Amino acid sequence: MNDKPYAIEIEDLTVAYDIKPVLWDIDIKIPKGVLMAVVGPNGAGKSTLIKAMLGIVKPISGKVLFFNTPLKEYLKKISYVPQKGSVDWDFPTNVLDVVLMGRYGKLGWFKRPTEEDVRIAKEAIKKVGMEDFMDRQISELSGGQQQRVFLARALVQEAEIYLLDEPFQGVDAKTEKEIVNILKELVKAGKTVIVVHHDLQTVKQYFDWVGLIFTRIIAYGPVEDVFTEANIEKTYKSRHNLTLKEPFKC
Amino acid sequence: MLELIFSDYTFRIVALGTILLGIASGLLSSFVTLNKQALVGDALSHAALPGIVLVFMIIKVKNLELLLLGALFFGLIAIGLTNIIKKYSKVKFDSSLALVLSSFFGFGLVLMTIIQKTPTASQAGLNNFIFGQASTMLPHDVYLMLSISILVILLIILFWKELKLFVFNPEFSQALGFNNKYISLLFSGLIVLTVIIGLESVGVILISSLLVAPGVSARQWTNRLSIMVVLSGLFGAISGFFGTIISAISPKMPTGAIIVIVLSVITILSILFGSKRGIIWRQIKNKINNHKIIAYQWLNNSEINSLPIEALQFLTKKNYLAIQNNEYVLTNEGRKLIDYYKEAQE
């Protein structure tokens, strides 16, 4: 074993929905303190990768370790920003209440948020620039504001590892910059941040690590080494060679 | 007549029972409707009928606990069946619910007709399970309904945070370390319990409306879950109370039907006049907003005193402009309006 364990270590991870393989034999080792983009075409399994890491989707095989610890023991130190579309924004609740939900994991069953939790939530709301919207009904938020709220909710989890599923979706340029800055701050503080990302143009500018996936992992590592024309081409253009030929047909 | 009813101990207990049932199902209905599960209670209750009748055919006496156990058993089979259909076939979930619901209910009606011919069955009041009759319930049955209602209410309070998170964002709930399987089981368990204890007083056909209408009505009045849940509990209680009184005053009037009528009135009023989403309120709000936007465009785009006279009159009437020294000037209200929309555009 190396003396410095990887922040995230994924081994032989395979996930399928019904008979359709979504992730195939993924192996990744991610060191602590990187800001990593996960890119790939639609349906490449980017979100599924994040969900499988969190145990939301059950893999067929493989294991995931965080600092040499299995998910169950490490879960409380992982923050998660799900896709914006995963919730009904018409739900009767306000900004502060949604952000407070990030504290629920630390509270555990039954316990109600304390004043300390409220204070932490308000601080996070300020950090994402939403302090004027604390009591705002969530259905009245713009796309960018919704993402800010989700980010604040992840911040109050006070985690070591941050997994974000398309945090720039439906976001204006200004908000995108601000979110990136907050993520960079997290990395500076020694956190590890993984972001499912869509926009290839900004990969070099925002991230220091990148993983290219299309069902399989095509390449991953520091952006300057891995984010090459050849690898991008391989991920996005030559789908046919990579599509699995119905391995479950028997 | 009313005094007579209120002084009657049995009636008071029955009324208390239906009120608590109304509260329990009302509270639950907020979560059920937000989770888009309005039809699950319907399937469950209809499917319970053959369970009730079959148990009666076997034990030949009206023992409510056992009858409800039969109801529970069949209700769970029905839910299981819909889930199996959903998982293994390409039939859509709502279709599978409708299929299972009607076939179980039809089966129950056939069994009911068979045993109607025996004198014990009509004495036992099995008919009451179809449309519901609270006023003739035995005190023992009422106590059962009462205590389980209280249990449901307490469980909702205890698991408030978990239920809210589960309904709002199940993936996040799982990622926080709450096992969604347990919360989902609890949620279904609460629905099952509420449906089962309401079978005798409200009936298999209409009990599901107690799990939908209060939540829908309450949502029209508020944007906060806590207030919504309290309101839906209140609406459930009101309908339970009136359902019991009216069916006690007029003999043979089914309690379930009255409850549903009261609930429907509340729902219609809420959808029309609800302060947050009611149709009429929304229209008024839209109109006010439109006026504001027009006012803003006038104020922002041109020199005030060069505006057409109709515009000036309109803006003065709305208190955005005032006349000073024969000139129109911006009021504080007007300034606020401009600032508000300028900010909104950023």
Side-chain angles (χ1 to χ4, degrees), chain A residues 18 47 50-51 53-58 71-94 96-98 100-113 117 132 135-140 142 150 153-154 156-157 159 163 165 172 174, chain B residues 30-31 33-36 86-90 154-183 186 215-216 218-232 274-277 285 289 340 343-346:
Chain A
D18 288 331
S47 297
I50 299 254
K51 285 180 188 170
M53 285 160 76
L54 282 160
I56 297 170
V57 170
K58 297 273 171 279
L71 173 72
K72 230 179 168 175
E73 290 156 42
Y74 203 81
L75 191 61
K76 295 260 183 318
K77 292 186 196 161
I78 307 173
S79 271
Y80 174 45
V81 174
Q83 268 185 34
K84 214 175 63 181
S86 68
V87 305
D88 177 6
W89 288 95
D90 202 27
F91 195 86
T93 186
N94 63 24
L96 178 60
D97 208 37
V98 171
L100 263 176
M101 286 179 188
R103 300 296 295 171
Y104 286 9
K106 283 209 162 49
L107 288 166
W109 292 86
F110 312 126
K111 286 196 206 91
R112 301 292 160 95
D117 293 315
D132 294 337
D135 307 320
R136 185 63 64 90
Q137 165 67 20
I138 58 167
S139 63
E140 292 166 12
S142 69
F150 262 13
R153 186 174 73 167
V156 302
Q157 288 184 258
L163 305 176
D165 199 345
D172 53 291
K174 185 170 162 250
Chain B
S30 280
F31 292 102
T33 48
L34 288 172
N35 209 29
K36 304 179 178 71
K86 183 178 129 188
K87 194 168 174 190
Y88 293 105
S89 80
K90 297 229 164 200
L154 289 179
L155 283 173
I156 292 175
I157 297 171
L158 188 63
F159 289 99
W160 170 263
K161 166 174 121 262
E162 287 77 13
L163 284 170
K164 177 169 80 174
L165 183 61
F166 174 72
V167 173
F168 176 60
N169 197 349
E171 286 176 353
F172 192 67
S173 155
Q174 186 79 35
L176 283 181
F178 296 102
N179 195 330
N180 278 354
K181 261 191 203 145
Y182 296 138
I183 306 178
L186 169 81
V216 170
R219 183 71 183 94
Q220 313 301 318
W221 297 95
T222 177
N223 277 331
R224 284 186 57 183
L225 182 66
S226 49
I227 297 174
M228 175 179 172
V229 171
V230 170
L231 270 181
S232 60
S275 56
K276 289 294 173 196
R277 323 190 125 212
K285 261 190 218 157
N289 263 338
Y340 173 81
E343 226 168 78
Q345 280 176 359
E346 272 168 16

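Predicted model, so just to flag it, every value in this text is computed and none were measured. Naming: A, B, ... by sequence-line order, numbering from 1 per chain.
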Does any heavy atom of chain A fall under 4.5 Å from the side chain of B:Asn35, the backbone, both, or neither of them? neither
Go through A:Tyr104 and B:Phe172 one step at a time and tell me if the ring-ring contact (aromatic ring centres under 6.0 Å, His included) criterion holds. CA-CA 10 Å; A:Tyr104 286 9; B:Phe172 192 67; 8.6 Å; no
Take A:Trp109 and B:Ile183, measure what side chain to side chain contact (heavy atoms under 4.5 Å, CB included) needs, and give me the verdict at the end. CA-CA 11 Å; A:Trp109 292 86; B:Ile183 306 178; 3.6 Å; yes
Salt bridge A:Asp90-B:Arg277, side-chain N to carboxylate O under 4.0 Å: yes
Examine distances only and state if a side-chain atom of B:Glu171 and a backbone atom of A:Ile56 form a donor-acceptor pair shorter than 3.5 Å. no
Between A:Gln157, A:Lys111, A:Gln137, which residue shows the highest count of heavy-atom pairs closer than 4.5 Å to chain B? A:Gln137
For A:Met101, does its backbone N or O pair with a side-chain atom of B:Lys161 as donor and acceptor, under 3.5 Å? no
Counting neighbours of OH on B:Tyr88 that are heavy atoms of other residues, nucleotides or ligands and sit closer than 6.0 Å, is the number greater than 12? no
Taking the side chain as everything from C-beta on, heavy atoms only, tell me whether A:Phe91 gets closer than 4.5 Å to B:Asn223. no
Atom group of A:Val98 that falls short of 4.5 Å from chain B, counting heavy atoms: side chain
Carefully, step by step, assess B:Asn169 and A:Arg153 under the rule side chain to side chain contact (heavy atoms under 4.5 Å, CB included). CA-CA 12 Å; B:Asn169 197 349; A:Arg153 186 174 73 167; 2.8 Å; yes
Comparing B:Lys276, B:Arg219, B:Met228 against chain A, the one with the most heavy-atom pairs below 4.5 Å turns out to be B:Arg219
Okay, A:Leu163 and chain B: the region with an atom under 4.5 Å from a heavy atom over there is neither
Tell me which of these, A:Ser86, A:Pro92, A:Ser79, A:Gly55, has more heavy-atom pairs under 4.5 Å with chain B than the rest. A:Pro92
Cut-off 4.5 Å, heavy atoms of chain B, and the answer for A:Phe150 is side chain
With a 4.5 angstrom heavy-atom cut-off, which part of A:Lys174 approaches chain B: side chain, backbone, both or neither? neither
What I want to find out is whether B:Lys164 reaches A:Asp97 closely enough, with some N-O distance under 4.0 Å, to be called a salt bridge. yes
Considering all heavy atoms of both residues, which atom of A:Leu75 and which atom of B:Gly177 are nearest to each other, and what is their separation? CD2-CA, 3.2 Å
How about A:Lys77: does its NZ atom have over 12 heavy atoms from other parts shown lying under 6.0 Å from it? no
When the ring planes of B:Phe168 and A:Trp89 are compared, do they come out parallel, tilted or perpendicular, using 30° and 60° as the limits? perpendicular
Quick check for you: to the nearest 0.5 Å, what is the distance between B:Leu176 atom CG and A:Tyr80 atom OH? 11.0 Å
Most heavy-atom pairs under 4.5 Å with chain B, out of A:Leu71, A:Val87, A:Leu54, A:Val81, belong to A:Val87
Could you have a look at A:Pro113, A:Gly108, A:Pro82, A:Gly102 and say which one has the most heavy-atom pairs with chain B under 4.5 angstrom? A:Gly108
So, the part of A:Asp88 with a heavy atom under 4.5 Å from chain B: the answer is both
